[in-house]
Structure formats: structure tokens, C-alpha cells
Amino acid sequence: KTFKTALAALALGAAAIASPVAAQDEQYTIALIPGLTTDAFYITMRRGAEAAAEALGVELVFQGAPEFNPVTQVPVLDAIIARQPDAILIAPTDTTQLIEPLRRADEAGIPVITVDTFIGTGQYQTGSGDADFPLSYIASDNVLGGRMAARALAEAIGGEGKVYVSNVNPGISTTDQREEGFKLEMEENFPNVEVLETQFNENDANNAASQLQAVFARNSDLAGVFGANLFSALGAANGVQQAGQTGNIKVVAFDAPTSIVDNLETGLVDVAIAQHPAEIGYYGVVSAYAHLTGQSIPTLIGTGFTVITADNVGDPEIARFIYSD
Ligand code: T6T
């Protein structure tokens with residue numbers, strides 16, 4: 001009997017010791033909801049997220065809408081909340097329209113981290129405002145990126161002339177901030193550059209191409225365009241080509257899919273500012289995992305840029321930042 005009791009006590013002790021190990025062995029499921037699924041930027045983010053998930057033994061669920069739009073993103077988010085993952089990583093497609101839908105996740109006890117874009121002001125865990133509940137924001141510094149684009153475009157046009165921003169829609173944190181940084185830099189440091197009215201293309205490269213031609217029709221001295229994201233830049237570049245203005249109207253592109261990078265060598269695009277989406281995805285998963293296993297995490301993680309030009313694109317250290325298709 002004593003022996004049996006001792007065995008039971010041992011078993012209990014073993015169970016007590018084993019349980020924290022069991023907790024660590026728990027398989028977490030982390031959902032990644034991109035801005036849209038068919039965008040090389042988010043495809044590359046997924047690659048980074050998968051690398052981290054594999055390293056940590058986490059299951060990654062990647063689910064998104066085919067368009068960059070809150071109307072199509074919110075039902076995907078609701079479906080993910082219903083599956084009750086251990087954490088949600090999301091690139092919210094609107095700073096205000098995603099607040100309430102994401103609060104539903106928070107209230108269901110699912111930790112939320114935003115990647116690439118933010119809700120509210122992007123300042124989280126401050127105890128103020130209605131959108132500070134996400135744990136962390138992991139992204140490029142988009143105001144800085146806009147300033148970098150302005151410097152590159154000003155240099156390409158010799159410091160003077162008319163330019164404009166080809167942008168997606170107002171209300172998207174990333175592209176709003178790029179436009180803001182671009183205009184600030186031009187105002188502060190390039191007084192001879194005239195920034196014309198922004199053209200919003202709804203993330204449609206065909207719209208961006210037609211708009212380029214319309215702006216050029218009104219301004220035959222148009223010197224350059226800043227494409228504030230992948231589709232804006234691709235469309236603007238196509239518009240320049242269709243107008244027969246390759247090399248005359250300078251193009252600075254935000255984002256670096258192969259379709260843009262291939263045009264550095266043809267001279268259609270002058271500079272591509274690559275974000276580091278794989279890094280965003282990787283640190284998104286690592287941060288969620290750290291939180292789930294009891295670590296505190298930074299409320300903001302900034303990732304970098306790589307400026308790609310015809311001169312450096314042959315360098316493998318640079319070319320590794322070209323997005324995956
Ligand atoms: O520029 C990226 C991303 O940072 C932005 O929020 C939305 O557009 C892209 O996905 C490129 O298409």
C-alpha cells in the first residue's frame with residue numbers, strides 16, 4: 001500500500017513537472033490575414049511567416065480576400081475569429097473600418113497584432129483611444145519611406161519640375177503615410193518641385209496607367225511620378241510607357257516585385273524602394289509566439305528598406321529583397 005501511495009505521489013509529481021513542458025509543447029495556430037492574397041508583397045510576407053512557424057512548430061493559417069478592401073476583408077476576419085486561432089496577425093485595409101471588427105477578436109480573447117498597416121493611430125497599448133488593443137505593430141516606417149521616395153524622385157528630375165503621387169485610396173495607413181512623407185520632404189527640401197494633385201487608383205494598375213496619361217495630357221511638362229505601392233507604381237510605369245515617355249517621365253516605385261524590378265534595366269523605372277515583407281511576417285509570428293508563451297513583446301517593430309536601382313540590382317545582397325511572386 002505504501003509502495004502504491006509512493007508510486008501515486010511520484011506520478012503526481014511527474015505530472016506536476018510534466019505540465020509546464022506540455023504547455024510549451026502545445027501546438028499554436030496563428031492566422032495571418034493579408035491585405036489581399038494575390039499581391040507579391042503579402043506572398044513574400046507569408047514566406048517569412050512560414051519560416052518562423054516552421055522553426056517554432058506553429059501552425060500558420062493564411063487566409064485573405066482577393067482585393068484590398070474592408071468590405072471583403074471583414075468576412076474573412078469573422079471566419080477566422082470563428083475558428084478561434086491562438087493569435088491573429090492582420091494587415092488591416094482601413095484605419096477606422098477595421099477597428100470594430102478587430103475588437104470582436106480582442107473580446108473573444110484572441111491576441112491581435114497588426115502587420116504592415118495599423119488601425120487608429122498605430123500607437124498600441126497606451127490605455128487611450130478606441131484602437132490601442134492590438135499588442136504590436138510590425139511594419140516599415142512609411143513616412144520615412146515616402147521621404148526616401150521624394151529624395152530619389154527629386155534627384156532623378158534634377159531638383160525641379162512637376163510630379164504627382166499615384167496612390168490607392170485615402171484611409172490606408174501605409175500609403176497615407178508614404179504620401180505624407182513624400183510631400184513633407186518636397187516642401188522642406190525641394191522648393192522647385194511642384195507636387196500636383198494625388199491620383200487615387202483603388203489599387204488597380206489599369207486605373208493608375210490611365211491616370212498617368214490623363215495627368216500628362218494636362219501637363220506636357222510632367223517630370224515624374226511616385227507610385228506609392230506596387231499596383232500604383234506598376235500602373236504608373238505602364239502609363240509612362242504607353243505615352244511613349246520612357247526615360248522622360250521618371251518613375252519612383254514603392255515595392256519591388258519582379259515586374260517593377262525588371263523595368264529598372266529598361267529605364268522605365270528609376271528606383272524601386274523594397275520593403276522587407278518577409279521580415280514583417282517572420283517577426284509577426286515570432287512576436288505572437290513570444291506573447292503566447294508568456295514573454296512581453298515590443299508594441300512597435302520597425303523593419304527596413306532596400307533601395308534598388310539598375311546599378312545595384314545585380315548584387316545578390318540587394319536582389320534577395322525582390323519580392324516572391
Ligand atoms: O505596399 C504594400 C503594402 O505595404 C501596402 O499596405 C498595400 O500595398 C502593398 O501591399 C503593395 O501592393
Side-chain angles (χ1 to χ4, degrees), residues 32-49 62 64-70 72-73 76 89-98 113-119 122 137-146 148-149 165-182 198 200-209 226-238 251-261 269 271-284 301-308 321-325:
L32 170 58
I33 305 175
L36 75 163
T37 47
T38 55
D39 175 336
F41 174 83
Y42 295 112
I43 292 170
T44 311
M45 184 187 290
R46 178 186 191 174
R47 176 163 59 75
F62 180 82
E67 289 164 14
F68 193 96
N69 187 329
T72 48
Q73 189 179 43
V76 173
L89 308 176
I90 182 169
T93 46
D94 191 280
T95 46
T96 52
Q97 292 185 57
L98 264 293
I113 290 175
T114 77
V115 286
D116 177 42
T117 44
F118 59 71
I119 51 170
Y137 171 50
I138 304 171
S140 309
D141 177 339
N142 287 289
V143 176
L144 172 66
M148 289 166 69
V165 182
S166 174
N167 212 341
V168 181
N169 274 324
I172 304 167
S173 69
T174 45
T175 47
D176 282 355
Q177 287 192 325
R178 289 169 203 163
E179 182 176 336
E180 181 194 331
F182 180 87
T198 296
F200 291 105
N201 56 54
E202 300 184 333
N203 218 26
D204 182 334
N206 291 328
N207 288 345
F226 167 40
N229 86 331
L230 193 157
F231 300 99
S232 307
L234 191 60
N238 288 341
V251 179
V252 169
F254 218 85
D255 292 311
T258 47
S259 50
I260 297 259
V261 172
V269 177
V271 174
I273 299 177
Q275 303 187 72
H276 294 176
E279 208 172 295
I280 297 175
Y282 192 95
Y283 285 93
I301 298 179
T303 56
F305 298 109
T306 297
V307 177
I308 311 183
F321 290 104
I322 298 170
Y323 300 174
S324 316
D325 289 309

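Worth knowing before you read on, the calculation uses all heavy atoms, side chains too, and leaves out hydrogens, waters and symmetry mates. Bear in mind that the values here come from a model prediction, so they are computed numbers and not experimental data. Just so you know, ligand 1 is whichever comes first in the structure, and atom 1 is the first atom listed for that ligand.
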- Are there more than 12 heavy atoms of other residues, nucleotides or ligands under 6.0 Å from atom OH of Tyr323? yes

- Item | Under 3.5 Å donor-acceptor, Gln97 side chain and Asn69 backbone | no

- Task: Kindly determine whether Glu67 and Asn203 satisfy side chain to side chain contact (heavy atoms under 4.5 Å, CB included), including the steps that lead there.
- Result: CA-CA 8 Å; Glu67 289 164 14; Asn203 218 26; over 6 Å; no

- For ligand 1, what are the residues with a heavy-atom contact below 4.0 Å? Asp39, Phe41, Tyr42, Phe68, Asp116, Thr117, Thr174, Arg178, Asn229, Leu230, Phe231, Asp255, Gln275

- Calculate, to the nearest 0.5 Å, the distance between atoms CD1 and CD1 belonging to Ile280 and Ile138 respectively. 8.5 Å

- Item | Phe305 and Phe254 aromatic ring geometry - parallel, tilted or perpendicular at 30°/60° bounds | perpendicular

- Task: Could you tell me which residues satisfy side chain to side chain donor-acceptor pair (under 3.5 Å) with Asp116, sequence neighbours excluded, listed by chain and number?
- Result: Tyr42

